[in-house]
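Here the structure comes first, spelled out in structure tokens, and everything after it is commentary.
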Amino acid sequence: MSATEQLSIRVEPTQQSRLSQVDFNNLVFGKIMSDHMLVAEYNDGEWIDVSILPYGDLTVNPSMSALHYGQAIFEGIKGYKFADGTVSIFRPEKNWERFNKSASRLQMPEVPEEIFLGGLKKLLDVDRNWVPSKEGTSLYIRPFMFATEAALGVHPSISYKFIIITCPVGAYYSKPISLKVETHYTRAAEGGVGFSKNAGNYALSLYPTKLANDEGYDQIMWTDANEHRYIEEAGTANLIFRIGDTIITPHGDTILHGVTRRTIMELAEKWGYKAEQRKVSVQELIDGIENGTVSEAFAAGTAATITHISRIGFEGRDYTLPPVEGREFSNKVLSYLNDLRYGKIEDPFGWNYIV
Ligand code: COI
């Protein structure tokens, strides 16, 4: 990192801002990118250049190893604007930590704090007018890294690009979602890369998700690779349930350790709920829905925020969750986190990282 400490972040401002073309009242997730992006280059053991550039196309070599062998990882973070104009990022240091865990597993270099968090802060400062302020909107932040060495031998790339792009967004899911329990296809096995946020984990979800969509479900609920008995996560977010008075989320290294999931479990504990990270079998969930002990089920993620689950399909039968209005815990968390992220209440945990 010593070389990085001397690296300054060069800013090349855009000559043609696209900000005035954006309809902030109709934001679609992930379609319109902000004016600038951060681009850092790594070569042969060191970070050699970090710049903030106008958002635009990249030139890639066709033999670039990310395209062939999949060394590609990413994160999802959100930035918010307070009523007084303050721009704040939600717990980005947790994403930085997870990013570097993903990097290590895929034999990619770690990104130093100065580049990941320092670069993020500077990028949001440059594009602060892109952070929307209306409740329910935010600036979605997508840091990612991929291998750029032009070589077809299977080995860790010698060079990488780390990039951060951002986009103003509305809700990823605008209503409660239905999930189909996946009992054939597998997302991750023990010893695999389930905990890492790598591009391949999403590529492999597309086909089973399409099959679930064809059957009328919004998403899939992954189960364990060995027996398809235990719940893991949904295609785009972690899962949390309320069974009796306990808030429960599946755990283990085959699932993504989400920052939103972690935040919610921390809040549950703080508020005096019993909070457990443990195996949850599909049967336990289904029995609980049938006998009324499962009162809440939701997806939790940066993009998904908290998305209520309305219906779960398992082995050809549908199980309907109780009405959303009566879901005491998830509604309380949702409104608390909104208030905290938009700076309406005090931040006792230091979760808001002010730009
Ligand atoms: C996120 O929640 O930020 C994610 O990366 C999920 C993605 C599938 C939109």
Side-chain angles (χ1 to χ4, degrees), residues 27-34 70 72-80 89-103 105-106 111 116 120 123-124 131-132 136-146 162-174 177 179 182 187-188 193-210 212-213 217-222 232-240 249-250 254-265 298-309 330 333-334 337-338 341 351 353:
L27 292 171
V28 179
F29 188 93
K31 294 272 191 196
I32 295 167
M33 301 300 152
S34 312
I73 59 172
F74 70 97
E75 274 302 321
I77 308 175
K78 273 181 176 168
Y80 298 84
I89 312 171
F90 191 71
R91 305 191 82 178
E93 68 288 349
K94 292 287 166 232
N95 296 87
W96 170 57
E97 286 167 16
R98 185 175 64 180
F99 190 79
N100 281 339
K101 281 191 188 138
S102 301
R105 179 62 179 82
L106 269 71
V111 177
F116 194 104
L120 177 55
L123 179 65
L124 258 66
V131 186
T137 65
S138 56
L139 190 79
Y140 186 73
I141 300 164
R142 173 53 64 84
F144 60 108
M145 176 162 64
F146 56 94
F162 168 69
I163 299 181
I164 308 177
I165 55 174
T166 71
C167 50
V169 298
Y172 193 88
Y173 295 112
S174 52
I177 54 171
L179 301 184
E182 179 54 63
R187 177 181 175 274
V193 293
F195 66 88
S196 79
K197 204 159 172 70
N198 71 84
N201 282 351
Y202 295 82
L204 66 79
S205 76
L206 301 177
Y207 180 64
T209 304
K210 183 220 173 285
N213 294 158
Y217 299 97
D218 297 303
Q219 261 296 334
I220 47 177
M221 180 185 278
W222 288 114
E232 303 233 305
E233 62 182 67
T236 50
N238 290 126
L239 292 169
I240 301 182
T249 190
T254 50
I255 67 161
L256 193 73
H257 301 155
V259 179
T260 309
R261 165 180 172 270
R262 173 197 191 108
T263 299
I264 294 167
M265 297 309 282
F298 57 97
T302 300
T305 60
I306 288 172
T307 300
H308 297 291
I309 296 165
S330 39
V333 177
L334 187 55
L337 282 179
N338 273 341
R341 286 162 162 161
W351 287 342
Y353 182 89

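Source: prediction; values computed, not measured. Note that ligands are numbered from 1 as they come in the structure, with each ligand's atoms numbered from 1 the same way.
Sorted by chain and number, the residues within 4.0 Å of ligand 1 by heavy atom are Phe74, Gly76, Tyr140, Arg142, Tyr172, Lys197, Tyr202, Thr236, Thr302, Ala303.
For Tyr172, the ring-ring contact (aromatic ring centres under 6.0 Å, His included) test picks out Phe29, with sequence neighbours left out.
No donor-acceptor pair closer than 3.5 Å links the side chain of Arg187 to the backbone N or O of Asn201.
When the shell of 6.0 Å around NZ of Lys101 is examined, it contains 12 or fewer heavy atoms from other residues, nucleotides or ligands.
With 3.5 Å as the limit, one finds no donor-acceptor pair spanning the side chains of Arg105 and Ser196.
Considering only heavy atoms from C-beta on, Val169 comes within 4.5 Å of Ser138 through its side chain.
Aromatic ring pairs are classed by plane angle as parallel below 30°, tilted from 30° to 60° and perpendicular above 60°; the pair Phe116 and Trp96 is tilted.
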